[in-house]
Amino acid sequence: MKEILYSSTRGDKGRIRASEAILRGLAPDGGLYVPDSIPVLEKTLREISSLTYQETAYEVMKLLLTDYTEDELKYCISHAYDSKFDTEEIAPLSEAGGAYYLELYHGATIAFKDMALSILPYLMTTAAKKNNVKNEIVILTATSGDTGKAALAGFADVPGTRIIVFYPKHGVSPIQEQQMVTQKGDNTCVIGIEGNFDDAQTGVKKIFTDPELKELLDSKGFQFSSANSINIGRLVPQIVYYVYSYAKLLKEGRIADGDSINVVVPTGNFGNILAAYYAKNMGVPIAKLICASNSNKVLFDFFQSGEYDRNRDFVLTSSPSMDILISSNLERLIYHIAGNSAEADAAYMEKLTKEGRYEITDEMRAKLTDFFGGFATEEETFATISDLFKETGYLIDTHTAVAASVYGKYVKETGDKTVTVIASTASPYKFTRSVMNALGHGDDNSDDFALADKLSEISGVAIPEAVESIRNAEIRHKTVVDKTEMEKAVKEFLKV
Ligand SMILES: *Cc1c(COP(=O)(O)O)cnc(C)c1O
């Protein structure tokens, strides 16, 4: 098997092994780690179709995380994808309204972030052992709601780690906030900030790349890493379910060998859809990668015009995990379509930091023809939830509804009848109020838990344990700071 090494999108010359890239999270120059080549699947998709989710995960991850031994990887996989998921399939496919919904929300925190964050702590602690790291690893995470809880759940009480999560105090759903502030584990710290997600993400990146702070922490026995999708250890496990879903369609006879499928991904930070792009490059016959945005449609505009422009108002929507104007993982795609050029990428990213915008070349745009960008307004999102439920009885959350709505528009526009997989990224119970709103119960003033009871009555879908368990849980995290005070808050928690 070919060894895969990782380098920074911004030109760090040194190439490092997967375990080191996972430990570091972000490259010292602020870039993201990318593989030096993209390996092709060894088994055929037909062969993969008889494998379990865990076996598929091994087939995919061994090709990219080449410095992990077979035993190490299998240990990580079996501890991640176990009874924390409420279905043995881990990522079931449900057909509704002419598409296949790939349900990625059956893990501990009922959103797709569990797919990667249930394994990242194992990959990271294994990496620490492999690299003789003596420091305690401090996971620093900015969240638009879902990453934070999934990372907390993954890292809580993991020996040798601490985790600090920043979330926009006024930018997450009540259930999301309750999930985070009730988190148990002495190594956990949750902080609300007065600011939006981009502020949180920018603040975290700044703390990460501060050399003085790094030195101070090192002298006290700490080092930072990231659980955000900038960490390659999150991206790799996300490739698995695209391979798995294709193999599943094959196994069930929904497609024939070699048939193409389309995938639709409700997108924020561009991590999930980038994983689909890698899956395609590894040999999964994916025709179109349909990138669905909400009203923060910076990516839609980018695919239309080739210009990325974050100079616009940040809109709070009913799909908060996609309320993002700086899609971090797009940087990896920019690097690839620039011909794996760190020089070009670094120049674009500098422009983004300084001017808030950049425009790619026509040559680069020509490499984006597999992507289709679309967006859905709030009205369209709500109508999609309601229509799908009325017509089929299948209930989706607001994020998934953005994708379903964009898919509907795509089919209308193109007439493309290719079998399509829609990434279903959250349980409707994570965004109960918005879903109830969509179903015509927007005037109900009950709290979110009472509302969940009503949604369960209407839909016949049981309330997930992840919601039940936080209903009356003790609130353990109450700190709120200004966006300029994030570093101070980190130092306080670590007592440095
Ligand atoms: C994080 C998230 C997204 C966006 O995924 P990206 O990888 O950031 O593009 C979409 N939906 C839900 C529910 C999420 O939690």
Side-chain angles (χ1 to χ4, degrees), residues 32 101-118 120 141-153 165 167-168 171-173 175-176 179-180 197-198 200-201 226-232 234-239 241-242 263-279 289-294 296-300 302 317-333 371 373 375-376 381 385 396-406 422-432 434-435 464 466:
L32 313 192
Y101 287 84
L102 176 60
E103 296 179 359
L104 303 173
Y105 57 78
H106 289 275
T109 76
I110 59 176
F112 99 95
K113 305 293 193 290
D114 290 325
M115 301 305 297
L117 282 165
S118 51
L120 186 66
T141 291
T143 184
S144 55
D146 290 335
T147 293
K149 178 61 187 184
L152 287 162
V165 168
Y167 72 96
V172 301
S173 84
I175 300 255
Q176 286 179 314
Q179 277 187 317
M180 288 190 280
F197 171 70
D198 287 326
Q201 181 160 257
S226 166
N228 278 102
S229 54
I230 53 178
N231 193 317
I232 194 74
R234 266 197 57 190
L235 215 47
V236 172
Q238 291 179 353
I239 301 169
Y241 45 77
Y242 291 107
V263 301
V264 192
V265 186
T267 296
N269 228 355
F270 210 76
N272 201 1
I273 193 164
L274 189 74
Y277 172 78
Y278 281 148
L289 297 149
I290 301 172
C291 174
S293 301
N294 65 22
N296 294 292
K297 58 183 185 60
V298 59
L299 287 166
F300 167 78
F302 171 71
T317 73
S318 62
S319 44
S321 302
M322 297 158 64
D323 289 346
I324 291 174
L325 292 180
I326 306 175
S327 295
S328 288
N329 272 293
L330 186 67
E331 177 169 350
R332 286 189 166 108
L333 183 66
F371 284 89
F375 75 99
T381 304
I385 294 174
I396 56 176
D397 95 295
T398 44
H399 302 74
T400 309
V402 168
S405 170
V406 166
I422 297 177
S424 179
T425 50
S427 157
Y429 285 100
K430 201 150 191 179
F431 302 96
T432 314
S434 297
V435 171

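A quick note: this is a predicted structure, and the numbers were derived from the prediction, not measured. Atoms within each ligand, like the ligands themselves, are counted from 1 in listed order.
- For the residues Lys113, Met322, Gln176, Gln238, the heavy atom positioned nearest atom 1 (C) of ligand 1 is part of Lys113.
- For Phe371 and Tyr277, the ring centers sit closer than 6.0 Å to each other.
- At least one N or O atom of Phe270 sits closer than 3.5 Å to an N or O atom of ligand 1.
- The closest side-chain donor-acceptor pair between Asn329 and Asn269, if any, does not fall under 3.5 angstrom.
- Between the side chain of Ser319 and the backbone N or O of Thr317 there is no donor-acceptor pair closer than 3.5 Å.
- Summary of contacts: the protein heavy atom closest to atom 10 (C) of ligand 1 is Pro266 O, 3.5 Å.
- The distance from the CG atom of Leu120 to the CG atom of Leu235 is 11.5 Å, given to the nearest 0.5 Å.
- Protein heavy atom at the shortest distance from atom 15 (O) of ligand 1 is Asp146 OD2, 2.4 Å.
- Side chains of Asn231 and Arg234: no donor on one and acceptor on the other come within 3.5 Å.
- Checking side-chain atoms of Thr432 against main-chain N and O of Tyr429 turns up a donor-acceptor pair under 3.5 Å.
- Annotation: Asp397 places no N or O atom under 3.5 Å from an N or O atom of ligand 1; distance criterion only.
- The nearest heavy-atom contact from the protein to atom 8 (O) of ligand 1 is Asn269 N, 2.8 Å.
- For a threshold of 3.5 Å applied to N or O pairs, the pair formed by Thr267 and ligand 1 contains no separation below that value.
- The single protein non-hydrogen atom nearest to atom 5 (O) of ligand 1 is Phe112 CE2, 3.5 Å, given as residue, atom name and distance.
- Ligand 1 has an N or O atom lying under 3.5 Å from an N or O atom of Gly271, backbone or side chain.
- The shortest N or O to N or O distance between Thr425 and ligand 1 is below 3.5 Å.
- Counting the atoms of ligand 1 from 1 in the order shown, those under 4.0 Å from a heavy atom of Ala426 are 13 (C).
- Close N/O approach between Gly268 and ligand 1 is found [any backbone or side-chain N/O within under 3.5 Å].
- The protein heavy-atom contact nearest to atom 7 (O) of ligand 1 is Asn272 N, 2.9 Å.
- Ring planes of His399 and Phe431: tilted class, angle from 30 to 60°.
- No side-chain N or O of Gln179 forms a donor-acceptor pair with one of Thr109 less than 3.5 Å apart.
- No side-chain N or O of Asp146 forms a donor-acceptor pair with one of Tyr105 less than 3.5 Å apart.
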